[in-house]
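Residue numbers start at 1 and run along the sequence shown. Fair warning: this is a prediction, and the values are worked out from it, not measured in the lab.
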Amino acid sequence: MASLSTGAHLFTSPSSHHHNHHLRRRSNNGFQLHSLSSNSSHSSSKSSSSLHSCLSSHNNPRSIHQPDSKPKPEPESNTITNLPSFFSNTLPKTLAIFSPAGILLSLVLSSGDGNFGGFHGGNGGGGGGNGGNGGGGGGWWSRIFSTVAYAKDEGGDGSGEGGGGGGWDTHGLPANIVVQLNKLSGFKKYKISEILFFDLRRRTTVGTEDSFFEMVSLRPGGVYTKAQLQKELETLASCGMFEKVDLEGKTNADGSIGVTISFTESTWQSADRFRLIDFGKSAVSVRFWFCIRLVFRCINVGLMQQTQPIEMDPDMTDKEKLEYFRSQEKDYRRRIDRARGCLLPPAINREVMTMLREQGKVSARLLQRIRDRVQKWYLDEGYACAQVVNFGNLHTKEVVCEVVEGDITQLVIQFQDKLGNVVEGNTQLPVVWRELPRQLRVGHVFNIEAGKKALRNINSLGLFSNIEVNPRPDEKNEGGIIVEIKLKELDQKSAEVSTEWSIVPGRQGRPTLASIQPGGTVTIEHRNLKGLNRSFSGSVTTSNFLNPQDDLTYKFEYLHPYLDGVYSARDRALKIAGFNSRKLSPVFTGGPGVDEVPPIWVDRTGVKANITENFTRQSKFTYGLVAENIITRDEGSQITVVGQRVLPSGGISADGPPTTLSDTGVDQMVFAQANLTRDNTKFVNGAIVGERNVFQVDQGLGIGSKFPIFNRHQLTLTKFLQLKEVEEGAGKPPPPVLVLHGHYGGCVGDLPSYDAFTLGGPYSVRGYNMGELGAARNILEVAAELRIPVRNTHVYAFVEHGNDLGSSKDVKGNPTEVYRRVGQGSSYGAGVKLGLVRAEYALDHNSGTGTVFFRFGERF
């Protein structure tokens, strides 16, 4: 016979939380680790980073971490290890509870499967059965929140022995009659056709969306014995959800039975409870009405020491029992007074208070709704290890919600070799520590977003081939989380050769061995010098290694981060670079209708030293000095002092604009350079939104050819406007975006022609060639682009305009007029993004002709 009880404290965990470090899939009475991964590339070495985080098991976790770019097979049965479980994994057979007034309302369930486990005062009054075959410590919330796990533990999930995997017996009774549970045969296996819940108080059948259906381990179509059905009823009766519960069957013509579970839901005090006190001993009676309004309180009990309860002597008198329960109540009051407040914001507290007022009384369904709302907030905010474990004080005006939030008690950084063995790393620990967000430090609650940010920050160092962030339970601190960061370092020294072959026609148009020109790039890198992320790198590029002097370019760079010390909060880095580059000058370009202009190449050789101070991951300030030697050459690699143009007769006239400031074809100059970038852009389902502003200044110092003094400045403003709110997440469509862009460039003082601002090109005004609109001292560019998402990509329409503001004539030699360019122009068109390629059709507004372009990268 099932015994029923009501009371004031409801528990999801016994007084001593037990950690199960090797759990299979379970329902909401536990946590599972979930892994996320991100891959990046550093110096052609793939770097994979994974974050293992606690997520509630109803998310059906699975591991997708692939260290070292080699996929590992998923474990059989999806076993997840290192699982923080803050409450028992077994289910209660008895609920022992009490009211603040000390009145005992507990009737012990007597069955052969479990014994009364005693009163757990350390958690404020829970009870747990333990021992016997069906034992199990823990509170009734484990039963409420974990029906599926219980079903699997008991073999009642409709599969396997006793669950309906094999044959079944017909009931042998007339159809459409109601059969009490005790009238069923103990030798038969009954097939359950359907399961109904009937609310005795409301006199209605509840739907499958009702939370009570989560509690039943029986499944339609399953096969069960009478003993299993009796055990199901006993479990429901003892879980604390019901004041009364019964189970009966109705026979079907096909030999199966339908099960109806009738119940009266457990309720506690009303949300607005009036209490009458009568002082009527004399002739005049005085009566007072008191209105008690419920108050909701949420506390974090994760790191609180669990006290062992004093066992109750079964020979206690009623008075001694009353004193015992009063003592337990005082202990619980002291416990919640010592507890820390949880992270729930006031808005959620008000929402729960509204739920209490609207309900009118505290019921099991209401507590489930409160639990779901609280846990949803934690999950939405990234606190994946947080779990509601208990409700207390249900017979007082204050309903207490106890939460284990997942406090970080220890942070461990480990270095591993390629085989996963723990080794002493080359990287100094402060280099890693400074990249960790504050929310991942000891004393904070573990947050999955903080873990992801740690992955991104550490990955951006470019020092590691594999990164793991693993939260696991702290066995020495109940409810605590130890965060382990495991790192595999890249090789310090690397070298790489990439080659390409240019086959040039030889005699009679046939390539010979001598005409096959091997070209490519040689790259060397020595990273993480002294373990402080300092690095030296160099690259040499040529189109012909057999005769490299024609177009040899190189770049050598030394990077010295943490200029103010690795422990300093200020993030400044010194970079020194030596370089040589050759580029085609767009200043010497013909306008519409002009024959091809002989190209002018600009060679720059120099040294650049700057300091970059990072304010955020994307916003920074860079300042330094640049010393350059500039040489202008014609297409024959000869030094040229003026631009060239083609005469109507086909000849070439060397009477164009001067190519350098010194009129010798060779300039030297030293100038200061500063760049300020403010960038708060982000990706929303793959679409970039936000704002990016860049201001750059080059200041001539009067050092070099003809002592150049100038101020060249540029301002770029780009805004990505999200036109529609969308739900963010993997696989969700991106929003439409409107891009507004403006760029201004100006120069005061000495201005060599190769440094003039040019108009036209894929990053200036689309639809025109590089520099086709003009070369000027001051320019203004404006653009707008509308991006519409379509099937995993986006199509877009754009309009752009560029103007020299009448300053082309102020460039020495006026190359805009010499090469018949108009100095301004507009374009409009449309395009589609195909992976990394932009396919565009742009209409030249000056000539009215349209052209199809294929470009790599982004315009803005």
Side-chain angles (χ1 to χ4, degrees), residues 33-53 62-75 80-82 411-437 440 448-472 482-498 521-539 557-562 566 571 573 575 614 617 836:
L33 297 182
H34 186 67
S35 71
L36 306 174
S37 68
S38 62
N39 295 321
S40 65
S41 176
H42 298 290
S43 301
S44 75
S45 298
K46 292 185 178 180
S47 170
S48 64
S49 311
S50 71
L51 167 66
H52 298 282
S53 69
R62 61 187 178 89
S63 175
I64 59 173
H65 169 49
Q66 298 180 358
D68 298 331
S69 303
K70 284 188 176 183
K72 290 187 177 181
E74 192 167 324
I80 309 296
T81 59
N82 294 335
L411 184 61
V412 179
I413 298 176
Q414 292 181 352
F415 295 96
Q416 297 179 335
D417 59 17
K418 294 181 179 180
L419 299 178
N421 301 314
V422 178
V423 296
E424 183 177 354
N426 175 63
T427 306
Q428 295 191 25
L429 288 180
V431 173
V432 180
W433 274 98
R434 64 180 291 121
E435 299 299 328
L436 301 180
L440 205 64
I448 190 173
E449 294 302 323
K452 291 179 181 179
K453 185 176 181 180
L455 280 179
R456 293 192 296 267
N457 292 354
I458 297 174
N459 195 51
S460 66
L461 294 174
L463 301 177
F464 307 103
S465 63
N466 189 72
I467 307 168
E468 295 180 13
V469 178
N470 301 322
R472 63 176 176 85
I482 296 177
V483 178
E484 290 182 339
I485 300 177
K486 299 179 180 180
L487 307 171
K488 292 182 181 179
E489 294 179 300
L490 290 167
D491 294 333
Q492 279 190 270
K493 300 178 182 179
S494 64
E496 180 180 306
V497 178
S498 61
T521 302
V522 178
T523 303
I524 60 172
E525 184 175 10
H526 191 167
R527 62 175 64 87
N528 206 13
L529 298 171
K530 296 185 178 181
L532 292 172
N533 199 21
R534 300 169 186 172
S535 64
F536 174 80
S537 62
S539 64
E557 184 175 278
Y558 171 73
L559 178 63
H560 186 109
Y562 321 125
V566 71
D571 186 6
K575 181 185 291 186
N614 296 303
R617 183 60 57 183
L836 298 177

Can you find a heavy atom in the side chain of [X] that is under 4.5 Å from one in the side chain of [Y]?
X      : Y      : answer
Lys575 : His560 : no
Asn470 : Val483 : no
Gln428 : Leu532 : yes
Tyr562 : Arg534 : no
Leu436 : Ile458 : yes
Trp433 : Ile485 : no
Asn421 : Gln416 : no
Ile467 : Lys486 : no

| message | Using every non-hydrogen atom in the two residues, find where Arg527 and Leu490 come nearest and quote the distance to one decimal. | response |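 Closest approach of Arg527 to Leu490, heavy atoms only: NH1-CB, 4.0 Å.
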| query | What pair of heavy atoms forms the shortest contact from Arg472 to Glu484, and how long is it? | reply |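 Of all heavy-atom pairs spanning Arg472 and Glu484, the closest is NE-OE2, 2.8 Å.
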To the nearest 0.5 Å, how far apart are [atom1] in [X] and [atom2] in [Y]?
X      : Y      : atom1 : atom2 : answer
Leu529 : Ser535 : CG    : OG    : 7.0 Å
Glu468 : Leu487 : CD    : CG    : 9.0 Å
Ile413 : Leu411 : CD1   : CG    : 5.5 Å
Ser465 : Lys488 : OG    : NZ    : 6.5 Å

| field | N-O pairing of Glu435 and Arg617 below 4.0 Å | value |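 A salt bridge links Glu435 with Arg617.
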| field | Note: Lys493-Glu525 ion pair, threshold 4.0 Å (strictly below) | value |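 A salt bridge is absent here (no side-chain N lies under 4.0 Å from a carboxylate O).
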| Which residues satisfy the side-chain contact (heavy atoms from CB on, under 4.5 Å) test with Thr427, sequence neighbours excluded? |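 Partners of Thr427 under the side-chain contact (heavy atoms from CB on, under 4.5 Å) test: Phe415, Val431, Val432, Leu463, Phe464, Glu489, Asn528.
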| field | Residues which pass side-chain contact (heavy atoms from CB on, under 4.5 Å) with Val422, listed by chain and number, not counting sequence neighbours | value |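 By the side-chain contact (heavy atoms from CB on, under 4.5 Å) rule, Val422 matches Gln414.
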| query | Thr521 and Val497: side chain to side chain contact (heavy atoms under 4.5 Å, CB included), yes or no, with the steps? | reply | CA-CA 6 Å; Thr521 302; Val497 178; over 6 Å; no
